[in-house]
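Please read all numbers here as calculations on a predicted model, not as lab measurements.
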Amino acid sequence: EGKTIFWVDSYRAGYSWSDSIEQGIKAVLAGSGANLVIHRMDTKSCTGQACMEEAGKKAFREIREIEPDILIASDDNAQKYLVVPFIKDTPLPVVFCGVNWDASVYGYPTPTITGMLEVDLINEAVDHMKRFARGGRVGLITGNTATSVKQAAWLNSRIFKGRLMIYIVDNYSDFKEKFLRLQNETDMMFFTNKVGIDGWDDIGAGQFIAWNLKIPSASNIGWMAPFVMFTLAKDGREQGEHAAKSALSILGGTPPSQIPVAANKKVRLTANLDMARALGTVFPLSVLKVATVIGSPSAISERAPDGIEAYDFSQKRIAWVDSYHAGYEWSDGIEAAIREVFQGTGIELEII
């Protein structure tokens, strides 16, 4: 009761990762009596080192003014530009979260610092892609941000033992060139993040990828689902919940050194039917049953042994109730898609 928890967010409100961390923190702190103060560093708006350093200094000035009882610092920029230069060697306890893969680069943990790492289920993503791949070569393409560069280097050294082909791209034109290279130089591809690609266009990029995709692809970030076959996305809420629970434990008397550094365990699988169709392949029903499925259902293959064709639809009747009328563009589009999926199944469609 009456304790102040100061959360420093590396990014900004409205950024989905930060918002999910915030949801986790607030859910745990509800009813605790602790006072939550939020500071946004907004480092994604920075264009240079000086801006990053100033964001860290600004956060530190507010910390000195408020004098919180504990600090939660989320994501790498808050560690690099705030905790390490200003807080690490002080008595103020710190709980970090969202630190990619390895906290030892910041000298964590310490007697006053603990937290949760942000790790990707890379081997699981490779397993999903392998069933559609022609070989074992793996590539990675991503926008040029500090987090993406750190992640790519860590994956190459720790997971792929130096065999990962990496392209860090600065702009959309560079992305298209390197994307086309990967289609011929590798057998499967991680497209980890569009952030950091100047001039990125969601619609144009989605069309470009669909027209040129030759190898299976995956990402670890939820908002990348429209651009890859598989997304194994981490849940920021899990990071926030762990950080808040750890903070309350420390405020209750548990030393940070007695709270082990943890790693996230939750993931959300998304399967993109449109990207599967662009590759000329299909998802087995075992994937469709557990994944969030996006895209057109016509990408479910007639050839899949455990797909929809395994059932006998002959003489079945389906009634479609349309809120509007024939000739209305929205209704006509829905009807065209329904008829495309039902074609050849023996289903009798009744339209009201």
Side-chain angles (χ1 to χ4, degrees), residues 5-12 15-25 28 38-44 46 52-53 55-56 59-60 63 70-90 92-122 142-143 145-159 192-193 195-196 220-222 232-247 249-250 256-257 259-267:
I5 299 175
F6 193 95
W7 170 41
V8 177
D9 171 22
S10 287
Y11 309 128
R12 56 178 171 78
Y15 184 58
S16 60
W17 176 253
S18 296
D19 289 349
S20 60
I21 292 176
E22 181 177 353
Q23 291 167 9
I25 292 174
V28 171
I38 302 174
H39 179 90
R40 313 280 186 178
M41 290 178 66
D42 194 20
T43 55
K44 287 197 179 294
C46 286
M52 298 281 197
E53 293 175 354
F60 181 55
I63 289 170
I70 193 167
L71 174 67
I72 295 176
S74 62
D75 293 284
D76 284 83
N77 287 342
Q79 321 309 318
K80 185 174 182 179
Y81 298 105
L82 171 65
V83 178
V84 172
F86 300 114
I87 307 294
K88 184 179 175 183
D89 297 322
T90 73
L92 180 64
V94 178
V95 180
F96 67 83
C97 64
V99 169
N100 286 274
W101 291 99
D102 183 9
S104 66
V105 296
Y106 304 117
Y108 300 168
T110 75
T112 59
I113 300 175
T114 187
M116 173 174 268
L117 299 171
E118 178 188 341
V119 300
D120 303 311
L121 301 182
I122 295 299
T142 187
T145 68
T147 297
S148 293
V149 170
K150 176 190 173 185
Q151 178 194 45
W154 198 97
L155 291 176
N156 193 30
S157 63
R158 302 291 184 90
I159 303 294
T192 49
N193 205 343
V195 175
N220 60 306
I221 297 178
L232 285 81
K234 297 155 291 188
D235 187 353
R237 188 181 175 96
E238 181 184 12
Q239 298 279 336
E241 289 173 350
H242 180 86
K245 289 176 182 177
S246 298
S249 294
I250 294 168
S257 58
I259 302 176
V261 173
N264 56 281
K265 294 181 174 61
K266 296 179 181 179
V267 69

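Contact record, G236 with S20: CA-OG, 3.2 Å, taken as the closest heavy-atom pair. Annotation for I25 and G240: closest pair CG1-O, 3.5 Å, computed over non-hydrogen atoms. In terms of heavy atoms, H242 sits closest to A262 at CE1-CB, 3.7 Å. Counting all heavy atoms, side chain and backbone alike, T90 lies closest to I87 at OG1-O, 2.7 Å.
Under the side chain to side chain donor-acceptor pair (under 3.5 Å) test applied with Q151, the options D76, D120, T145 reduce to a single match, D120.
Residues F96 and L71 form no side-chain contact, since every pair of their non-hydrogen atoms from C-beta on lies 4.5 Å or further apart. Looking at L92 and F6, their side chains never come closer than 4.5 Å, going by heavy atoms from C-beta outward. You'll find the side chain of D235 stays beyond 4.5 Å of the side chain of Q23, heavy atoms only. The closest side-chain heavy-atom distance from Y108 to V83 is below 4.5 Å.
Around the NZ atom of K80, the shell of radius 6.0 Å holds no more than 12 heavy atoms that belong to other residues, nucleotides or ligands.
One N or O on the side chain of K150 and one on the backbone of N100 form a donor-acceptor pair closer than 3.5 Å. Of the possible donor and acceptor atoms, one in the side chain of T114 sits under 3.5 Å from a partner among the backbone N and O of I259. For S10 (side chain) and S74 (main-chain N/O), a donor-acceptor pair under 3.5 Å exists by modelled atom type.
Interatomic distance, K266 NZ to L232 CG, rounded to the nearest 0.5 Å: 16.0 Å. With rounding to the nearest 0.5 Å, the separation of CE in M52 from NZ in K44 is 8.0 Å. Taking CD1 of I70 as the reference point, atom CD1 of I250 lies at 4.0 Å (rounded to 0.5 Å). Atom CG of D89 sits about 8.0 Å away from atom OG1 of T112, to the nearest 0.5 Å. The line from CD of E241 to SG of C97 is 11.0 Å long, rounded to the nearest 0.5 Å.
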Requested in this report: Please assess E238 against M116 for the test side chain to side chain contact (heavy atoms under 4.5 Å, CB included), listing each intermediate value before the final yes or no.
Outcome: CA-CA 9 Å; E238 181 184 12; M116 173 174 268; 4.3 Å; yes

Query raised in the report: Given W7 and R40, is the side chain to side chain contact (heavy atoms under 4.5 Å, CB included) satisfied, shown in steps?
Result: CA-CA 8 Å; W7 170 41; R40 313 280 186 178; 3.6 Å; yes

Query raised in the report: How far apart are the C-alpha atoms of D75 and I21, what are their side-chain angles, what is the distance that settles it, and do they pass the side chain to side chain contact (heavy atoms under 4.5 Å, CB included) test?
Result: CA-CA 10 Å; D75 293 284; I21 292 176; 3.8 Å; yes

Requested in this report: Apply side chain to side chain donor-acceptor pair (under 3.5 Å) to N77 and T43, showing your working.
Outcome: CA-CA 7 Å; N77 287 342; T43 55; 2.8 Å; yes

Query - Chi angles and distances behind the side chain to side chain contact (heavy atoms under 4.5 Å, CB included) call for V119, N264 - result: CA-CA 6 Å; V119 300; N264 56 281; 3.5 Å; yes

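The aromatic rings of Y11 and Y15 sit perpendicular, their planes meeting at an angle over 60°, well past the 30° parallel limit.
Under the side chain to side chain donor-acceptor pair (under 3.5 Å) criterion, S18 pairs with D9, sequence neighbours left out.
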